[in-house]
Amino acid sequence: MDLGHHELDYLAQAHWHHFHYRIGAMTGLDRIRREVLVGPVVEEDGTEVTAARRYPYDTLVLAVGSLTNDFATPGVVERAIRLETPEQAARFHRRLINACLRAQGQTEPLRPGQLQVAIIGAGATGVELAAALRKTTRDLVAFGLDRIDPDKDITLHLIEAAERILPALPSRIATAATDLLRRLGVKVYTGARVAALTADGITLADGRVIVAELVVWAAGVMAPAFLKNIAGLETNAINQLVVCQTLQTTRDDDIFAIGDCAACPWPERRGTVPPRAQAAHQQATHLFKQLKRRLAGRTLEPWHYRDFGSLVSFGEYSTVGSLMGKLVGRSLFVEGYFARFMYLSLYKMHEYELHGPVKVALETLARLITRRTEPQVKLH
Ligand SMILES: Cc1cc2nc3c(=O)[nH]c(=O)nc-3n(C[C@H](O)[C@H](O)[C@H](O)COP(=O)(O)OP(=O)(O)OC[C@H]3O[C@@H](n4cnc5c(N)ncnc54)[C@H](O)[C@@H]3O)c2cc1C
């Protein structure tokens, strides 16, 4: 859909909510002088916009998120599309539309691999993407690409190394999701570890080859490489900063890390908190209160992750998930309209946190109106 419509303008956000926004990527950390190193910002032609700078701190919160982990699989960098940035998503969208337009325009039969899309990684992102692609390709073809049969000609492959899809979620969700994917005609491969991406296609560890024109890598996350052992702080194998229950880094009480870039203990599961939006959100809310305590000279309270459950959206086809914890007292499987309503309200809650009630109400109304005048798939 329209990227500009949903993106957050940090300069405006800072102006409206009383903080300073400084453009530029953090490149390093000087713990002795207590300074954050920020790299220069350059235009596409190399012209410098802002020079490299240093910003002093007395308390530092790192929340730089994560990137896709390709586990050093050969061919991924050259041949797969990742979905980390809006630009990558836009590129994938453009390639999908162009692949359909190309097939529509040709007189010869489809080549092997043509109009085949492979998604590697059947976590929530991969599963949701498969369902969204089925809907998008059906909508796209309905806009006059009459030489393509979306369900017959466009094949979606969903490849997962674990023994089932959605390995991090309860098995009941995975079973319901597998059934929905089957009904949407998505080919699901489980226990299928990708060994390499080559010009011939995707080679699995067991020797099978899947030929696909478009390959999306949606498996695994890792924190940005610049964090690895940054200024002597403790990091784990995927570059996350190791933090204590107070969200302070293990080797420096003045540096906090939250969100995907932090490895925070989850004692109940004997592991670390998963890299998910609800964890990042809870940590941010907790840390906001703790920073006030810290400024008042009081001791910090520990943070404990509360898993409220998971929802996996199949767009207009369905939504499945589970609600957990204190909200319902036990794990409750949800699907259909109720789950869909919850999924949509999560997005609204996120917008509410960012913009407040008036803007969210106005934008919701505006989208309800424009929904009726615009196609439900971006056609160019
Ligand atoms: C395609 C996709 C779908 C997802 N869907 C879901 C979902 O449905 N539910 C869910 O719970 N989670 C989902 N996630 C995961 C979720 O997005 C993350 O868990 C969450 O955004 C983590 O929040 P964060 O604040 O830690 O990081 P982010 O939201 O990634 O924010 C980090 C920010 O730091 C900036 N940054 C990075 N490096 C630097 C640097 N060096 N200097 C300055 N700034 C920097 C980045 O540009 C970014 O704006 C999804 C992720 C992806 C990629």
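In what follows, every heavy atom counts, from backbone to side chain, and hydrogens, waters and symmetry copies are set aside. Not measured: the values here are computed from a predicted model. Each ligand, and each atom within it, is numbered from 1 in the order the structure gives.
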| What protein heavy atom sits nearest atom 52 (C) of ligand 1, and how far off is it? | Thr125 OG1, 4.3 Å
| query | Just distances here: any N/O of Asp260 and N/O of ligand 1 closer than 3.5 Å? | reply | yes
| query | Is it true that the side chains of Glu84 and Thr68 contain a donor and an acceptor less than 3.5 Å apart? | reply | yes
| message | Need the ligand 1 atom indices (1-based, order shown) with element for anything under 4.0 Å from a heavy-atom of Ala63. | response | 32 (C), 33 (C), 34 (O)
| Going by distance alone, is a donor N or O of one side chain under 3.5 Å from an acceptor N or O of the other, for Lys187 and Thr155? | no
| task | Taking atom 21 (O) of ligand 1 as the reference point, report whether a protein heavy atom occurs under 4.0 Å from it. | result | no
| message | Against ligand 1, does Pro275 come closer than 4.0 Å with any heavy atom? | response | yes
| query | Taking atom types as modelled, is there a side-chain donor on Gln245 or Tyr305 under 3.5 Å from an acceptor on the other? | reply | no
| message | Pairs of nitrogen or oxygen atoms closer than 3.5 Å, one from Leu83 and one from ligand 1: do any exist? | response | no
| said: I need the nearest protein heavy-atom contact for atom 30 (O) of ligand 1: residue, atom name and distance, please. | reply: Gly65 CA, 3.8 Å
| note | Separation between CZ (Arg95) and CD (Glu213), nearest 0.5 Å, reads 7.5 Å
| query | Counting only non-hydrogen atoms of the protein, does one fall under 4.0 Å from atom 48 (C) of ligand 1? | reply | no
| request: Specify whether the nearest protein heavy atom to atom 17 (O) of ligand 1 is under 4.0 angstrom away. | output: no
| query | Is the shortest distance from atom 41 (N) of ligand 1 to a protein heavy atom below 4.0 Å? | reply | yes
| Minimum-distance protein heavy atom relative to atom 43 (C) of ligand 1 | Met26 N, 3.7 Å
| message | Counting only heavy atoms closer than 4.0 Å, does ligand 1 sit against the backbone of Val64, its side chain, both, or neither? | response | both
| said: For Phe288, I'd like to know if atom CZ has over 12 heavy atoms of other residues, nucleotides or ligands within 6.0 Å. | reply: no
| Is atom 6 (C) of ligand 1 less than 4.0 angstrom from at least one protein heavy atom? | no
| Are any of the N/O atoms in Pro224 less than 3.5 Å from those in ligand 1? | no
| message | Does the protein place a non-hydrogen atom closer than 4.0 angstrom to atom 1 (C) of ligand 1? | response | yes
| request: Flag atom 27 (O) of ligand 1 as yes if some protein heavy-atom distance to it falls below 4.0 Å, otherwise no. | output: yes
| field | Closest contact, heavy atoms only, Arg53 versus Gly39 | value | NH2-O, 3.8 Å
| query | Which atoms of ligand 1 have any heavy atom of Gly259 under 4.0 Å away? | reply | 26 (O)
| task | State, without any angle test, whether Asp200 and Thr198 hold a side-chain donor-acceptor pair at a distance under 3.5 Å. | result | no
| request: Mark the output for Tyr10 as yes if a heavy-atom distance to ligand 1 is under 4.0 Å, and as no if none is. | output: yes
| task | Look at atom 23 (O) of ligand 1 and say which protein heavy atom is nearest, naming residue and atom and giving the distance to 0.1 Å. | result | Ala280 CB, 3.6 Å
| task | Mark yes or no for whether Gln290, through its side chain, and Glu301, through its backbone, hold a donor-acceptor pair below 3.5 Å. | result | yes
| query | Tyr347 vs His6 aromatic rings, parallel, tilted or perpendicular, using cut-offs 30° and 60°? | reply | tilted
| said: Suppose clustering is done on Ile, Leu, Val, Met, Phe, Trp and Tyr with side-chain heavy atoms closer than 4.5 Å. Which residues sit in the same group as Val36? | reply: Met26, Leu29, Val38, Tyr55, Tyr57, Leu60, Leu62, Val64, Phe226, Leu227, Ile230, Leu233, Leu241, Ile255
| Arg276-Ser310 side chain donor-acceptor pair, cut-off 3.5 Å | yes
| task | Within a distance under 4.0 Å of any heavy atom of Arg276, pick out the atoms of ligand 1 and give their elements. | result | 11 (O), 19 (O)
| With no hydrogens and no angle check, do the side chains of Gln104 and Asp146 hold a donor and an acceptor under 3.5 Å apart? | yes
| query | Does the side chain of Trp217 reach to within under 4.5 Å of the side chain of Thr73, using non-hydrogen atoms? | reply | yes
| remark: Counting from 1 in the order shown, the ligand 1 atoms closer than 4.0 Å to a non-hydrogen atom of Phe226 are 41 (N)
| note | Among non-hydrogen protein atoms, atom 12 (N) of ligand 1 lies closest to Ala277 N, 3.4 Å
